[in-house]
Amino acid sequence: MHRLRAIAQPLLDSLRDLAPIIVVIAFFQLAVLQRPLPDLERLLVGTLLVAVGLALFVRGLEIGLFPIGESMAYAFARKGSVLWLLLFAFALGFGTTVAEPALIAVAGEAAEVAAKGGVIGDNPAERGSYAMGLRLTVALSVGLAIVIGVLRILRGWPIQYLIVGGYAGVVVMTLFAPEEIVGIAYDSGGVTTSTITVPLVTALGVGLASSIKGRNPMVDGFGLIAFASLTPMIFVMAYGMMF
Amino acid sequence: MELLPHLFHTLLLTIRDVLPIAAVIFGFQLLVIRKPIPNLKRVLIGFLYVLFGLALFLVGLEEALFPLGKVMARQLTDPVFLYGGIEQLAGEIRWLDYLWVYLFAAAIGFATTIAEPSLLAVAIKAQEVSGGTIGIWGLRIAVALGVAAGIALGTFRIVTGTPLYYYIIAGYLFVIVQTLFAPRMIVALAYDSGGVTTSTVTVPLVTALGLGLASTVPGRSPVLDGFGLIAFASLFPIITVLGYAQLSQWRNRG
């Protein structure tokens, strides 16, 4: 009985998380568009898969991603080597972003836009190298973002100055960047942080802030993701200005 | 696509996404920290759960919810639906005609954000760290409302064709002013919530909506106007989370 509950409860939680999507889709399909739901069986199977997947993912977070992120934060704090910690921060940011599928998609679209606008030649080779350059640029900027974010936690700098300064940078860059790149640049800030990176980076930040004396995990521990979504905007616009 | 091959394929893709992360983590653990990982077996099982969980999650979305959601986004933005089958006259676009689109945008933005796994992860952490002051559901609903407002406004922008950066710059200025008055402990979390909202669930559906809209509204081009919805979805949650913290602060004072 106890066992059954332990399996059923996370599933019920996930189903509850999914309920809004199902309600929205059913309402618009049946009431607004007034069409029947196609292939109900497939819909039900799919929803069940999503629910099981979400439940597994949350369990994996609790026993895998959160603990490893935190234990590494503690280990680096004990070791006391800032250089290694920053190198780790950079590798984590760069490594998780360069292969991110959402980024690959956006970089491809950006190359299309650039080719159509005559910024680069309209052939596969130039589009490919433009897209690759963009991916490296974004990955570099995310690596740098995590480094700055970790430094901020170590030093206890207030986050608002850095973020507001960053936004000011975005605004200034927007004025000078070519118009076609602006939308892509703004979107690239949102796509860099994947479902696996977010929990790891959050656990790292919170772990660091709780193992360093004088830091508050709530005030200082969060914010790494914010940097990782901010710097790509600036770097992508700079990339657009180079062509 | 057949279910099992699809599942296998997605699992391989997920493994490919996790590999660089695992390489960085275990590389640094072995070469720099040089200490055994506590509860190694448990952690590895956790990674397996994450892998299988994400793969099932993605396959389920792609099998059932994405196709339907994308078809609906296309149908709702289709002039045939909007104008009751009459061919639309060239030129005149009234933004009010797209009311159902804005409503759909807000509803789907809210609903997909509630199901977003990375937001759930951050909310779990925030509740743990704040000792329960910030509830998992409070944060998730605040962020979801932000995404809803952001995407609705973003579709409105595509229909009217105003430049994206007007909205984004105004939004950032608003965030800066809010930051001055918000409780200090929420600021970092609020900034984070902008970045976590847009991943697995939200991006594909929202992109479909943006592209559908940009290719059916006369005078808009999908390449130029289809972008930007994600930017709205990352900006507005910052505003709502800061607002949520301010509201609860005032309530406690009053």
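Proteins come first, then strands; the chains are lettered A, B, ... in the order of their sequence lines, and each starts at number 1. Quick note: numbers below take in every heavy atom, side chains included, and nothing from hydrogens, waters or symmetry partners.
- Atom-to-atom distance recorded for T97(A):OG1 and I21(B):CD1 is 8.5 Å, nearest 0.5 angstrom.
- Scanning all heavy atoms of the two residues, the minimum distance from D192(B) to L224(A) falls at OD1-N, 3.7 Å.
- Here CG of L68(B) is found 12.5 Å from CZ of F28(A). Values are rounded to the nearest 0.5 Å.
- For T179(B), the part lying under 4.5 angstrom from a heavy atom of chain A is the side chain only.
- Residues K35(B) and K79(A) fail the side-chain proximity criterion, which asks for heavy atoms closer than 4.5 Å.
- In this structure, chain A has a heavy atom under 4.5 Å from the side chain of P67(B), while its backbone stays farther away.
- Residues R152(A) and A188(B) share a closest heavy-atom pair of NH2-CB, 4.5 Å.
- Of all heavy-atom pairs between S229(A) and G195(B), the closest is OG-CA, 3.5 Å.
- Interface check for chain B: of the options S188(A), G223(A), A75(A), the most heavy-atom pairs under 4.5 Å are formed by G223(A).
- Taking 4.5 Å as the limit, every side-chain heavy atom of R35(A) sits out of range of all side-chain heavy atoms of M72(B).
- Counting only heavy atoms from C-beta outward, the side chains of L65(A) and F47(B) approach each other to under 4.5 Å.
- Contact of I124(B) with chain A is made through the side chain alone, with heavy-atom distances under 4.5 Å.
- Atoms OH and CZ, from Y191(B) and F227(A) in turn, are 9.5 Å apart once rounded to the nearest 0.5 Å.
- For chain B, the option among R78(A), M233(A), M72(A) with the highest count of heavy-atom pairs below 4.5 Å is M72(A).
- Considering every non-hydrogen atom in both F88(A) and I25(B), the closest pair reads CE1-CA, 4.4 Å.
- Between M185(B) and N216(A), every side-chain heavy-atom pair lies at or beyond the 4.5 Å cut-off.
- Using a 4.5 Å cut-off between heavy atoms, P38(B) touches chain A through its side chain atoms alone.
- Atoms CD and CD1, on Q29(B) and I68(A) in that order, are 5.5 Å from each other to the nearest 0.5 Å.
- More than 12 heavy atoms of other residues, nucleotides or ligands lie within 6.0 Å of CZ in F26(B), so this atom counts as buried by the packing criterion.
- For the set V206(A), L92(A), I163(A), the count of heavy-atom pairs under 4.5 angstrom toward chain B peaks at I163(A).
- No other option in V187(B), L120(B), L54(B) has as many heavy-atom pairs under 4.5 Å with chain A as L54(B).
- Residues R42(A) and E62(B) share a closest heavy-atom pair of NH2-O, 4.5 Å.
- Among the candidates S81(A), P158(A), A226(A), P67(A), the residue making the largest number of heavy-atom pairs closer than 4.5 Å to chain B is A226(A).
- Of the atoms belonging to I114(B), heavy atoms from both backbone and side chain fall under 4.5 Å from chain A.
- Here the closest non-hydrogen pair linking I21(A) and A115(B) is CD1-CB, 4.0 Å.
- Residue contact with chain A, scored on non-hydrogen atoms closer than 4.5 Å, involves the side chain of V175(B) exclusively.
- Put simply, of A107(B), P20(B), G27(B), the one with the most heavy-atom pairs under 4.5 Å next to chain A is A107(B).
- With values rounded to the nearest 0.5 angstrom, I63(A) atom CD1 is found 9.0 Å from L48(B) atom CG.
- Both the backbone and the side chain of A126(B) come within contact range of chain A, with heavy atoms under 4.5 Å apart.
- Looking at I230(B) and Y186(A), their side chains never come closer than 4.5 Å, going by heavy atoms from C-beta outward.
- Of the two parts of I108(B), the backbone and the side chain both hold a non-hydrogen atom closer than 4.5 Å to a non-hydrogen atom of chain A.
- Contacts between I238(B) and chain A at a heavy-atom distance below 4.5 Å involve the side chain alone, from C-beta outward.
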